[in-house]
Amino acid sequence: MVSSGKYLVVIAGPTAVGKTGVAIELAKAWKSEIISADSRQFYHEMSIGTAKPDLQQLNEVKHHFVGHISIHDYFNVSKFENEVLVLLTGLFARHNIVFMVGGSGLYIDAVCRGIDDFPDPEPELRAYLKGVFVDEGVAKLQEMLSNLDPEYYSTVDIQNPNRLLRALEVCLTTGKKFSEQRSNTSKDRNFSIVKIGLNIPRPELVTRIEARVDQMVENGLVDEVRSLLAYRHLNALNTVGYKEIFDFLDSKITLPQAIENIKTSTRRYAKRQMTWFKRTDDYTWFDPGHVNEITSYLTRICK
RNA sequence: GGUGUCGUAGCUCAGUUGGUAGAGCAACGGACUGAAAAUCCGUGUGUCACUGGUUCAAUUCCAGUCGACACCA
């Protein structure tokens, strides 16, 4: 990390913990802007179910990567890394501190540490490999990968078709082993990074999640999902809050059941997020209700 | 009121020809390099409704009690 006087302040934490509000307060205090690192708030068609900042909040502080693409667009974590870095160059010309807020651990890490420079997936190859999986099962993918890249095969989660598919994609498009091309090193950034984690006791988080889901339904989640029914096959809609309402619209379950399922899925998502953020000890943790503590911490750290 | 069926994990339910029990979901823990709100892995947390009886041994068999449901009055 280079001491440039420029700081990217990451604000992470489980869904519904209160990241949006804290980030807006901080960004206002520093008269700065916010980059979202929420992989589902990118899509402009999805608002209620992704708990995007509302119009008033968006007017208070300039946000980036909120509704900037369509569910029909192809987007991925590498594009995010590249686009954020370009954006940051501009933002750091005007601000010493820029905030990045979100719950998508992989996307945050891509900006902070970088990811390796693999080719983008080729749709035809991905479709082919998916067909192999559907027709011949995960065992066939395992067999293919154990031939092409035994090193990666020995460490990868071999029951996970997504992981196998991606490794195979890279091996087949580059003609080289996936494992050989993974650097396991962080890219240098010309700004410093401060990571703030927000969390509250689990029972309180569960209460907040349940209240927020109820609020989404009151705000018209069902109508939003219904308007996207025709696009349910798109990856963007493989999302908590949408999948469950699709089941309701299919008459597979009742609306109350769908709402319960959303709450359950959201709790489980929050758990996975925390597993990611706890993996390293580079987050400093705060209660989202104590913004003054975060402010004084940042004042002390960012010089 | 009578008859029948049922009562097992947080939930839905299996099961034990008598040797204190196991699936799915939830929950808890974990992984994670272009699908990541995705995807995947691990862990059983239990007075087998209650009280007696028979038995070396009862969650299992018997009786009673309570509760649920169904049918008959």
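What you see is a predicted model; the values in this text were computed from it and never measured. Quick note on labels: first sequence line is chain A, next is B, and so on, each numbered from 1. The figures here come from the full heavy-atom set of this structure, side chains too, leaving out hydrogens, waters and symmetry mates.
Separating the P atom of B:A35 from that of B:G30 is a span of 25 Å, rounded to the nearest Å. Comparing the same atom, P, in B:A14 and in B:C6 gives a spacing of 10 Å after rounding to whole Å. Separation of the P atoms belonging to B:U59 and B:U12 is 23 Å when rounded to the nearest angstrom. Atom P of B:G7 sits at a distance of 13 Å from the matching atom of B:C50, rounded to the whole Å. Rounded to whole Å, the P atom of B:G15 lies 27 Å from the corresponding atom of B:U3. Nucleotides B:A26 and B:U39 are separated by 13 Å at their P atoms, to the nearest Å. On the P atoms, B:A9 is 9 Å away from B:C48, given to the nearest whole Å. Spacing between B:C28 and B:U8 at atom P, rounded to whole Å, works out to 24 Å.
Look at CG on A:Leu165: it is 11 Å from P on B:G34, rounded to the nearest Å. Atom pair A:Tyr269:OH and B:A27:P shows a separation of 16 Å (rounding to whole Å applied). Note: CG (A:Leu106) to P (B:A36) measures 8 Å, nearest angstrom. The nearest whole Å value for the distance from the CD1 atom in A:Ile209 to the P atom in B:A26 is 15 Å. Distance, A:Phe80 CZ to B:A36 C1': 12 Å, rounded to whole Å. Straight-line distance from the CG atom of A:Asn160 to the C1' atom of B:C32: 8 Å, rounded to whole Å. When rounded to the nearest whole Å, the span between CZ of A:Arg166 and C1' of B:A38 equals 14 Å. In this structure, A:Asn76 places its CG atom 11 Å from C1' of B:A36, rounding to the nearest Å.
Using a 4.0 Å cut-off, no side-chain N or O of A:Tyr107 falls inside it from OP1 or OP2 of B:U33. Within the structure, every side-chain polar atom (N or O) of A:Asn238 is placed at least 4.0 Å from both OP1 and OP2 of B:A36. A close approach under 4.0 Å does not occur between any side-chain nitrogen or oxygen of A:Arg163 and OP1 or OP2 of B:U39. A close approach under 4.0 Å does occur between a side-chain nitrogen or oxygen of A:Arg268 and OP1 or OP2 of B:A26. Applying the 4.0 Å criterion to OP1 and OP2 of B:G30, one finds that A:Thr275 has a side-chain N or O inside that range. Proximity of A:Arg40 to the phosphate of B:A36: a side-chain N or O atom is located under 4.0 Å from OP1 or OP2. Regarding contacts with the backbone of B:A38, a side-chain N or O of A:Lys243 is found under 4.0 angstrom from either OP1 or OP2. OP1 or OP2 of B:C40 has not a single side-chain nitrogen or oxygen of A:Arg272 nearer than 4.0 Å.
Partner assigned to B:G10 is B:C25, using Watson-Crick or G-U wobble distances below 3.5 angstrom. With a cut-off of 3.5 Å on both Watson-Crick or G-U wobble distances, the partner of B:G4 is given as B:C69. B:C48 makes up no base pair with any nucleotide shown, lacking Watson-Crick or G-U wobble contacts both under 3.5 Å. The partner of B:A31, taking Watson-Crick or G-U wobble pairs whose two distances both stay under 3.5 Å, is B:U39. Across the strands present, B:U59 finds no partner; the criterion is a Watson-Crick or G-U wobble pair with both atom distances under 3.5 angstrom.
Salt bridge status for A:Asp120 with A:Lys79: present, with a side-chain N to carboxylate O gap under 4.0 Å. The existence of a salt bridge linking A:Arg166 and A:Glu169 is confirmed by a sub-4.0 Å separation between a basic side-chain nitrogen and an acidic carboxylate oxygen. Using a cut-off of 4.0 Å between Lys/Arg side-chain N and Asp/Glu carboxylate O, A:Asp250 and A:Arg232 are scored as salt-bridged.
Nucleotide B:G7 is shown with an anti base, its glycosidic torsion being more than 90° from 0.
Among the protein residues, A:Lys278 comes within range of the sugar-phosphate backbone only, with heavy atoms under 4.0 Å from sugar or phosphate atoms but none that close to a base. Among the protein residues, A:Ser265 comes within range of no part of the nucleic acid, since none of its heavy atoms lies under 4.0 Å from any strand. Looking at heavy-atom distances under 4.0 Å, A:Gly105 makes no contact with the nucleic acid at all. No contact: A:Tyr242 has no heavy atom under 4.0 Å from any strand. Base engagement by A:Asp117 is indicated by at least one non-hydrogen atom pair under 4.0 Å involving a base atom. Using a 4.0 Å heavy-atom cutoff across all strands shown, A:Thr239 reaches at least one base atom of the nucleic acid.
For the residue pair A:Gln273 / A:Tyr269, a side-chain donor-acceptor distance below 3.5 Å is found, with atom types taken as modelled.
The aromatic rings of A:Trp285 and A:Tyr283 sit tilted, their planes meeting at an angle between 30° and 60°. Under the 30°/60° scheme for interplanar angles, the aromatic rings of A:Phe75 and A:His68 are found to stand perpendicular.
The residue among A:Arg202 and A:Asn235 whose nearest nucleotide of RNA chain B is located toward the 5' end is A:Arg202. Nearest-nucleotide assignment on RNA chain B puts the 5′-proximal partner with A:Ile115, out of A:Ile115 and A:Gly103.
Among the nucleotides B:A35, B:U33, B:A36, the one closest to the side chain of A:Ser104 is B:A36.
The hydrophobic clustering, which links ILVMFWY residues whose side-chain heavy atoms are closer than 4.5 Å, places A:Phe42 and A:Val66 apart.
When each of A:Asp149, A:Thr174, A:Asp116, A:Asp117 is tested with A:Gln181 by the rule side-chain hydrogen bond (donor to acceptor under 3.5 Å, both in side chains), just one qualifies, namely A:Thr174.
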